[in-house]
Asks: 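Okay, handing you the structure first.
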Amino acid sequence: MFKIRSYSSENYDTAEQSYRDFLCKNKEYINSVLWKYFSYDFFHDGEILNYNFDVNRQSLEIQISAPNIVFKDNQDYISTKFTIKFHEIKNITWKYYCDMDCDDGIDMSPMICSPIYLYSEIGSIVSFNINEEDDDLEQSIIIQILRGIEVWSLSIIFMDIDVIPDEALTFEYLIQQQIIEAIGLNNT
């Protein structure tokens, strides 16, 4: 599934460091929106509310609830809805990866109704050609998704991406005023 971030409990730190090194080396070639929202898994554990693949427009739209937003004053978590739009899709692959390993013997399948965004890996399934303009570079993402107890992999090669909060002005204002912290949002 993941190309760089494929780790087990034994090699987690090593695999994660390899992925971070890859991102640092290739940051200048990765779309700034992709970098901001996906380099540190901002949508981790987010419920995928809806998705629509438009074959004619070569686009995919995913509506997701981001649960990793915290009020700074009282540390209460809130969820905010976002729409992720992938444009000019060159390749999209959806495949089964494995079943979730539940050590405690609890059957999670009835508890999880909607798919859950787990983790992602960006930039690892395209070759960055440094002779091309930034706007002409193919981008990629591999998303690990939990459906019931099954873990699935969604791989997308695309040309552009938009990530839009449902309440865009409010979200940006709360971030700028430092009222909330969006954990995993990378503004560097």
Asks: Is atom CD of E172 surrounded by more than 12 heavy atoms (other residues, nucleotides or ligands) closer than 6.0 Å?
Replies: yes
Asks: For residues 63-80, which residue pairs qualify under salt bridge (charged side-chain N to carboxylate O under 4.0 Å, His left out), counting only residues two or more places apart or in two chains?
Replies: none
Asks: Just wondering, do S120 and I143 contact through their side chains at under 4.5 Å, heavy atoms?
Replies: yes
Asks: State, yes or no, whether a side-chain contact exists between I179 and F71 at a heavy-atom distance under 4.5 Å.
Replies: yes
Asks: Roughly how far apart are S140 OG and N31 CG, rounded to 0.5 Å?
Replies: 11.5 Å
Asks: Report yes if some heavy atom in the side chain of I62 is under 4.5 Å from a heavy atom in the side chain of F86; otherwise report no.
Replies: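 In short, these two side chains touch, coming nearer than 4.5 Å.
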Asks: Can you list the residues that meet the side chain to side chain contact (heavy atoms under 4.5 Å, CB included) rule with K85, with sequence neighbours excluded?
Replies: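 Only E61, T83, H87, D162, I164 meet the side chain to side chain contact (heavy atoms under 4.5 Å, CB included) criterion with K85.
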Asks: How many angstroms lie between atom NZ of K27 and atom OG of S32, to the nearest 0.5 angstrom?
Replies: 10.0 Å
Asks: Do the side chain of E121 and the main chain of K3 share a donor and acceptor less than 3.5 angstrom apart?
Replies: yes
Asks: Keeping S124 on the side-chain end and I4 on the backbone end, is there a donor-acceptor pair under 3.5 Å?
Replies: no
Asks: Can you give me the closest heavy-atom contact between I145 and P115, atom names plus distance?
Replies: CG2-CB, 3.7 Å
Asks: Applying side-chain contact (heavy atoms from CB on, under 4.5 Å) to I142 and S153, what does each step give before you reach the verdict?
Replies: CA-CA 7 Å; I142 304 169; S153 170; 3.6 Å; yes
Asks: If a pair satisfies salt bridge (charged side-chain N to carboxylate O under 4.0 Å, His left out) and one of its residues is in residues 30-44, list it, with sequence neighbours excluded.
Replies: R5-D41
Asks: Would you kindly say whether E47 and S65 are connected by a side-chain donor-acceptor distance under 3.5 Å?
Replies: no
Asks: Apply the test side-chain contact (heavy atoms from CB on, under 4.5 Å) to residues Y51 and L154: give CA-CA distance (whole Å), side-chain angles for both, the deciding distance (0.1 Å), then the verdict.
Replies: CA-CA 12 Å; Y51 55 91; L154 176 63; over 6 Å; no
Asks: Does V70 belong to the same Ile/Leu/Val/Met/Phe/Trp/Tyr cluster as L185, with side-chain heavy atoms less than 4.5 Å apart forming each link?
Replies: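 Each belongs to a different hydrophobic cluster.
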Asks: Within this structure, what is the CD1-CD1 distance for the pair I69 and I175, rounded to the nearest 0.5 Å?
Replies: 7.0 Å
Asks: Hey, what do you get for CG (L169) to CG (L174), rounding to the nearest 0.5 Å?
Replies: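 Answer rounded to 0.5 Å: 11.0 Å.
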Asks: Using the rule given for side-chain contact (heavy atoms from CB on, under 4.5 Å), can you reason through K90 versus M159, listing the C-alpha separation, both sets of side-chain angles and the distance that settles it, and then say yes or no?
Replies: CA-CA 8 Å; K90 305 298 180 188; M159 295 303 289; 3.5 Å; yes
Asks: What pairs with Y77 under side chain to side chain donor-acceptor pair (under 3.5 Å), at least two apart in sequence or on another chain?
Replies: none
Asks: Which of parallel (below 30°), tilted (30 to 60°) and perpendicular (above 60°) describes F171 and F82?
Replies: perpendicular
Asks: For S39, check side chain to side chain contact (heavy atoms under 4.5 Å, CB included) against everything at least two apart and list the hits.
Replies: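 Here the qualifying residues are L23, W35, I122, N186.
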Asks: For Y117 and D45: C-alpha separation, side-chain torsions, deciding distance, then whether side-chain contact (heavy atoms from CB on, under 4.5 Å) applies.
Replies: CA-CA 5 Å; Y117 176 108; D45 287 344; over 6 Å; no
Asks: Got a second to check how far Q58's CD is from N91's CG, nearest 0.5 Å?
Replies: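 One gets 11.0 Å once the value is rounded to the nearest 0.5 Å.
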Asks: For residues W152 and Y96, establish whether the separation of their ring centroids is below 6.0 Å.
Replies: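 Ring centres of Y96 and W152 closer than 6.0 Å.
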Asks: Within a reach of under 6.0 Å around CZ of R20, are more than 12 heavy atoms found that belong to other residues, nucleotides or ligands?
Replies: yes
Asks: Should the pair F43 and F38 be assigned to parallel (<30°), tilted (30 to 60°) or perpendicular (>60°) ring geometry?
Replies: tilted
Asks: Only counting residues at least two apart or in another chain, list the ones meeting side chain to side chain contact (heavy atoms under 4.5 Å, CB included) with F53.
Replies: V55, L60, I89, I92
Asks: Side chain of Q139, backbone of Y29: donor and acceptor closer than 3.5 Å?
Replies: yes
Asks: Return yes if a side-chain donor-acceptor contact under 3.5 Å exists between Q17 and D21, otherwise no.
Replies: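 Yes.
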Asks: Check I161 against F158 and note the closest heavy-atom contact, atom names and distance.
Replies: CB-CE1, 3.8 Å
Asks: May I ask you to check whether Y119 and F2 place their ring centres under 6.0 Å from each other?
Replies: no
Asks: To the nearest 0.5 Å, tell me how far N50 CG sits from Q63 CD.
Replies: 5.0 Å
Asks: Check for me, please, whether I180 and Y173 land in the same ILVMFWY cluster - side-chain distances under 4.5 Å, paths through other members count.
Replies: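 Linked within one cluster.
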Asks: Does Y40 share a hydrophobic cluster with I183, counting links as ILVMFWY side-chain heavy atoms below 4.5 Å and allowing steps through other members?
Replies: no
Asks: Strictly distance-based, threshold 3.5 Å: is any side-chain N or O of N68 a donor or acceptor partner for the main-chain N or O of F42?
Replies: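 At least one qualifying donor-acceptor pair exists.
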